[in-house]
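These numbers come from the heavy atoms of this one structure, side chains and all, not from hydrogens, waters or symmetry mates.
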Amino acid sequence: MNVLRNNYYFLRKVGRVSPWRVFHAFLSQLIGSATWAFFTVVFMRYLFGADEITRTFFDVTVFLVATSAVMLLIAVYNAWHNRIFVPRENQRITFALNRELFDKATSVDVACYENPDFYDQYTRASLEVFDRAQSVLHNCSNFFGSLLASAFVVTTVVGINAVAGIFMFVSFIGSFVFGRINNRLYYERHMASLPYTRRMDYVNRVMYLPQYAKEMRLSSIFGVMGNIYGEAITGFFGVTDRFWKRITATGTLNGLLCFTVVFQGTWLYAAYLASRGDIQIGDFMVLSSAIVSVTWMLFGVRDGVVEGAKNAKYIENMKRFLAYEPKIDENQKGLPVTHVSSLELRNVSFRYKDDAPPYVLRNINMTVKAGEKIALVGHNGAGKSTLVKLIMRLYDPTEGQILLNGTDIREYDLREYRKIMGVVFQDYQIFSLSAAENVMMERITSPEQRERAVEALRESGAYEMVQTLKEKEETILTREFDDDGAVLSGGEYQKIATARAFAKDARLLIMDEPSSALDPIAEHTMYETIMRLCARKENTDKLAIIISHRLSSAAGADRVYMLEQGKIIEHGTHRELINARGAYADMYNKQAESYLARTEVPA
């Protein structure tokens with residue numbers, strides 16, 4: 001019942017996208033099976049049956065011409081179906097199913113991507129959606145067509161000789177039993193080899209992606225990747241070695257009992273009946289041909305059941321993925337965000353797994369009022385980026401609350417809440433789109449959008465550089481799909497990523513290490529721009545949170561919070577913390593000394 005439910009579930013899902021694809025899949029298989037049954041029984045019996053001596057040459061000619069005409073029509077239909085209709089509809093089905101998976105993937109918690117089990121489910125579902133759609137369509141329609149055709153041929157065979165049906169029964173039951181065993185073995189082998197194929201896929205991906213090219217050539221990492229690939233291959237072969245004996249044994253027994261014995265036995269039995277005169281030579285030919293054909297048809301029925309059971313396992317995986325209930329619903333409705341007056345973190349603690357210490361953040365208390373600019377500083381791993389993820393509500397606190405305007409952010413409409421944010425991520429991504437589209441993060445459809453993108457490029461310091469490109473702001477970035485695309489430096493890409501926050505005109509500006517790839521002058525200019533924008537009279541409802549391990553960026557902030565091991569150990573203005581001579585002042589002075597030592601000009 002579970003097999004039937006899962007296959008019906010997927011068949012119905014495909015049918016909602018393209019009902020004609022499902023209809024023609026069944027029609028095509030029915031025509032194919034009917035054609036086979038026709039030539040096996042009707043055609044042979046008409047030409048060589050007991051009453052063939054009463055037919056004239058004209059009768060046979062008309063029969064053959066009519067048969068040829070029907071076959072021509074079937075050939076035309078098959079050519080249209082297989083070469084035009086199926087490829088087009090398959091792409092439509094794949095697009096729709098992948099879109100559903102993509103929509104689900106964007107609605108699940110960010111934490112899911114850090115869970116190997118969940119990620120395995122997602123990758124299996126996305127990688128197999130095309131194959132599963134085709135397999136379910138083929139198997140269901142093949143089962144239907146083979147069942148009807150074999151019923152017709154079986155009736156004919158039993159009508160000639162009832163004992164001959166035993167050969168068909170033995171072949172069907174034997175192939176079904178062995179098919180189920182092989183199906184289970186193949187599935188177990190696939191699941192056991194999946195961790196190794198994932199490693200091989202990872203190495204393959206790393207080898208051709210451009211962002212890894214320089215490290216590959218300037219280090220020994222190629223050998224490391226080669227070792228990983230070799231270990232994965234060894235592991236894959238180990239899985240194969242564990243299963244090959246059982247798979248070979250069941251395949252051999254299946255071929256021996258269900259093919260050799262049945263087919264040879266059928267011909268011997270038919271010859272025995274003919275030698276005794278129990279059947280005419282015409283019936284002998286029909287019987288021999290029909291038993292072989294119906295065996296293959298019953299194998300089609302068997303394969304439909306066995307493959308249906310295999311598909312059901314994969315479909316169950318997809319159903320679990322689509323049924324996953326995220327902890328944070330990306331479509332959560334709630335209160336509208338009408339203004340921004342304050343953002344408060346009250347006794348916030350967090351750990352990535354509820355039942356697994358340690359805490360990444362512990363008892364964080366912080367208040368940012370409209371018009372303020374704060375800096376989060378500290379060593380790498382202090383918890384700065386995690387804190388920002390909580391503010392963006394990519395995660396919810398394990399303990400405590402985050403309040404916007406005095407209201408828990410979990411009470412707000414999530415999409416509206418995130419609309420007020422302009423974020424520059426530390427690990428930003430550049431897409432193979434125009435520079436303007438990379439800034440706006442959407443299609444440019446109006447002059448107003450283009451002007452806003454240009455203004456944001458000016459504010460981020462990237463405008464002059466973009467104007468030197470071939471198509472200016474319309475130039476495609478990266479050469480992924482365009483040979484004339486622009487390949488920029490890391491600092492130039494970072495300026496374009498920073499422009500996204502300026503283009504959004506966000507009321508909550510979050511900068512996570514926005515200057516890591518910039519030179520000191522560009523970094524100073526960027527922070528001056530950020531401070532200036534937030535200080536404008538029309539921007540009194542803006543809040544800015546700047547994360548950096550470079551303490552020079554904190555000097556212009558209204559307040560500085562220093563984190564260490566997930567806790568706030570100091571906070572105050574830059575001057576107050578320098579005068580306090582604590583951890584912040586020590587770190588600031590060391591960075592300043594290091595910078596001066598590097599830039600000192602020898603006498």
Side-chain angles (χ1 to χ4, degrees), residues 94-95 98-108 110 113 119 122-123 126-127 201-202 204-215 330 385 388-389 392 394 415 418-419 421-506 509-518 526:
T94 304
F95 172 81
N98 271 324
R99 183 59 187 266
E100 185 176 0
L101 292 173
F102 295 161
D103 289 343
K104 185 64 179 181
T106 57
S107 71
V108 302
V110 173
Y113 289 91
Y119 195 69
Y122 173 50
T123 53
S126 60
L127 290 174
D201 290 342
Y202 170 74
N204 285 331
R205 190 166 67 251
V206 166
M207 288 298 179
Y208 70 75
L209 287 177
Q211 56 263 44
Y212 296 98
K214 294 188 291 294
E215 282 82 358
E330 294 291 316
S385 295
V388 166
K389 290 177 183 177
M392 290 187 289
L394 297 177
R415 293 186 185 275
R418 288 184 181 157
K419 277 182 182 179
M421 298 180 187
V423 184
V424 179
F425 292 107
Q426 181 177 358
D427 52 348
Y428 63 88
Q429 298 296 322
I430 296 296
F431 297 90
S432 190
L433 303 169
S434 71
E437 288 170 335
N438 263 286
V439 171
M440 298 302 296
M441 295 297 280
E442 61 185 7
R443 286 293 183 189
I444 305 292
T445 58
S446 68
E448 292 77 14
Q449 286 177 300
R450 182 170 286 101
E451 182 56 37
R452 195 164 6 131
V454 169
E455 183 60 29
L457 287 168
R458 286 195 179 98
E459 292 172 340
S460 71
Y463 178 74
E464 287 76 12
M465 176 275 298
V466 169
Q467 292 305 297
T468 65
L469 300 179
K470 184 177 181 180
E471 301 293 334
K472 299 182 179 179
E473 64 270 12
E474 296 303 316
T475 303
I476 300 296
L477 301 184
T478 79
R479 292 177 183 157
E480 185 79 21
F481 307 115
D482 190 341
D483 291 338
D484 294 326
V487 177
L488 309 179
S489 70
E492 290 167 337
Y493 279 138
Q494 190 160 45
K495 289 178 181 179
I496 288 174
T498 304
R500 294 168 182 168
F502 297 141
K504 196 172 183 181
D505 191 28
L509 191 63
I510 298 175
M511 300 285 197
D512 187 357
E513 300 284 2
S515 60
S516 58
L518 301 182
M526 174 178 289

If I take atom NZ from residue Lys495 and atom CD from residue Glu464, how far apart are they, to the nearest 0.5 angstrom? 8.5 Å
Roughly how far apart are Leu477 CG and Ser434 OG, rounded to 0.5 Å? 7.5 Å
Taking side-chain contact (heavy atoms from CB on, under 4.5 Å) as the criterion, tell me which of Val423, Val388, Thr498 meets it with Met511. Thr498
In Å and rounded to the nearest 0.5 Å, what is the OG1 to NZ distance from Thr475 to Lys470? 9.0 Å
Pair Arg452 + Glu455: basic N to acidic O under 4.0 Å: no
Working to the nearest 0.5 Å, report the span between CD of Glu492 and OG1 of Thr468. 7.5 Å
Smallest separation among heavy atoms of Ala499 and Ala456, with atom names: O-CB, 3.3 Å
Gap between atom CD1 of Ile476 and atom CD of Glu437 - 0.5 Å precision: 6.5 Å
So which atom in Ile496 and which in Ala462 form the shortest heavy-atom distance, rounded to 0.1 Å? CG1-CB, 4.3 Å
Looking at Arg500 and Asn438, would you say the former's side chain and the latter's main chain have a donor-acceptor pair under 3.5 Å? yes
Less than 4.5 Å apart, any side-chain heavy atom of Lys389 and any of Ile510? no
Would you check, one step at a time, whether the test side-chain contact (heavy atoms from CB on, under 4.5 Å) holds for Glu442 with Gln449? CA-CA 9 Å; Glu442 61 185 7; Gln449 286 177 300; 2.8 Å; yes
Interatomic distance, Glu451 atom CD to Ile444 atom CD1 [nearest 0.5 angstrom]: 11.5 Å
